[in-house]
Amino acid sequence: MANDDIMTTLFELEQTMAHLLQETQTMQNQISALMRENKNLKSKNEKLQQLLIDSKETTDHQPTTSPGPSASTQMITQLYQQGFHICNEEYGKRMGEGEHCLFCEAMIDRLLEGSDSHAKR
């Protein structure tokens with residue numbers, strides 16, 4: 001009987017772990033979607049703020065324009081969008097269908113922030 005109890009407990013543990021793994025994947029996808037939405041909203045906000053500043057500037061002051069992300073940053077972003085990891089942990093591995101990687105997205109955000117800071121100098 002003790003053997004049956006162990007097997008039952010092990011089966012229940014496996015089911016619980018599978019459920020937790022599924023919930024974790026769902027949360028990662030939600031976090032990823034929220035991070036992308038937040039990035040898009042920040043970009044729109046910056047554009048609107050720049051439009052407001054431009055509309056208030058005098059005609060003798062020329063507004064500065066940022067050249068955008070570098071070619072290497074764009075290539076890395078394209079690799080990620082094509083379904084490949086760009087993070088240190090899984091670099092070059094193909095992601096599953098609909099899978100998102102928070103490490104990759106954080107890396108892209110850091111690269112884009114770096115290109116913005118160089119453009120503002």
Side-chain angles (χ1 to χ4, degrees):
M1 282 286 201
N3 195 19
D4 288 341
D5 290 342
I6 292 173
M7 294 302 289
T8 302
T9 303
L10 183 59
F11 178 73
E12 290 171 354
L13 180 61
E14 286 177 347
Q15 285 182 327
T16 302
M17 288 184 67
H19 179 71
L20 289 173
L21 183 61
Q22 183 180 10
E23 284 186 20
T24 301
Q25 183 65 38
T26 301
M27 285 190 284
Q28 284 179 338
N29 288 338
Q30 290 172 344
I31 290 169
S32 179
L34 289 171
M35 287 175 65
R36 282 192 308 276
E37 181 181 4
N38 188 39
K39 186 169 77 173
N40 289 337
L41 290 173
K42 281 182 180 180
S43 175
K44 288 179 183 179
N45 186 26
E46 288 174 3
K47 288 177 184 177
L48 289 173
Q49 287 179 350
Q50 187 63 42
L51 284 173
L52 182 62
I53 290 169
D54 290 346
S55 69
K56 291 182 179 181
E57 288 182 340
T58 59
T59 56
D60 61 331
H61 186 269
Q62 297 295 324
T64 58
T65 59
S66 73
S70 67
S72 59
T73 300
Q74 290 175 357
M75 288 173 48
I76 290 288
T77 302
Q78 286 175 349
L79 277 175
Y80 178 70
Q81 290 170 347
Q82 292 171 359
F84 293 96
H85 282 280
I86 58 164
C87 61
N88 295 336
E89 290 78 13
E90 301 287 328
Y91 184 80
K93 292 183 182 176
R94 185 168 274 292
M95 293 185 286
E97 183 68 30
E99 181 182 354
H100 298 282
C101 177
L102 298 178
F103 296 114
C104 292
E105 291 178 1
M107 179 176 279
I108 290 172
D109 287 342
R110 282 193 305 271
L111 288 171
L112 291 174
E113 287 173 7
S115 68
D116 287 345
S117 67
H118 290 299
K120 291 178 182 176
R121 287 184 187 169

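We number each residue from 1, following the sequence as shown.
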Say you draw a straight line from [atom1] of [X] to [atom2] of [Y]; how long is it, rounded to the nearest 0.5 Å?
X: I31; Y: N38; atom1: CD1; atom2: CG; answer: 12.5 Å
X: E113; Y: K39; atom1: CD; atom2: NZ; answer: 10.0 Å
X: E99; Y: N29; atom1: CD; atom2: CG; answer: 8.0 Å
X: Q81; Y: I76; atom1: CD; atom2: CD1; answer: 12.0 Å
X: N40; Y: N45; atom1: CG; atom2: CG; answer: 12.5 Å
X: F11; Y: T16; atom1: CZ; atom2: OG1; answer: 10.0 Å

Donor-acceptor pair, side chain of S32 and main chain of Q28, under 3.5 angstrom: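 Side chain of S32 to backbone of Q28: no pair is present.
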Over all atoms of both residues, closest heavy-atom pair of I86 and M107: O-SD, 3.1 Å
Minimal non-hydrogen separation, C104 against C87, with atom names: SG-N, 3.4 Å
Note, F84 side chain near Q78 side chain (heavy atom, < 4.5 Å):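 With C-beta onward as the side chain, the pair stays apart.
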Enclosure of E89 CD (heavy-atom neighbours >12, cutoff 6.0 Å): yes
Under 3.5 Å donor-acceptor pairs involving side-chain atoms of residues 91-98, not counting sequence neighbours:
unit_1	atom_1	unit_2	atom_2	d
K93	NZ	E90	OE1	3.3
R94	NH1	Q82	O	3.2

Side-chain donor-acceptor pair present, H19, Q15, cut-off under 3.5 Å: no
Path from L111 to L79 over hydrophobic side-chain contacts below 4.5 Å: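 Yes, L111 and L79 fall within the same hydrophobic cluster.
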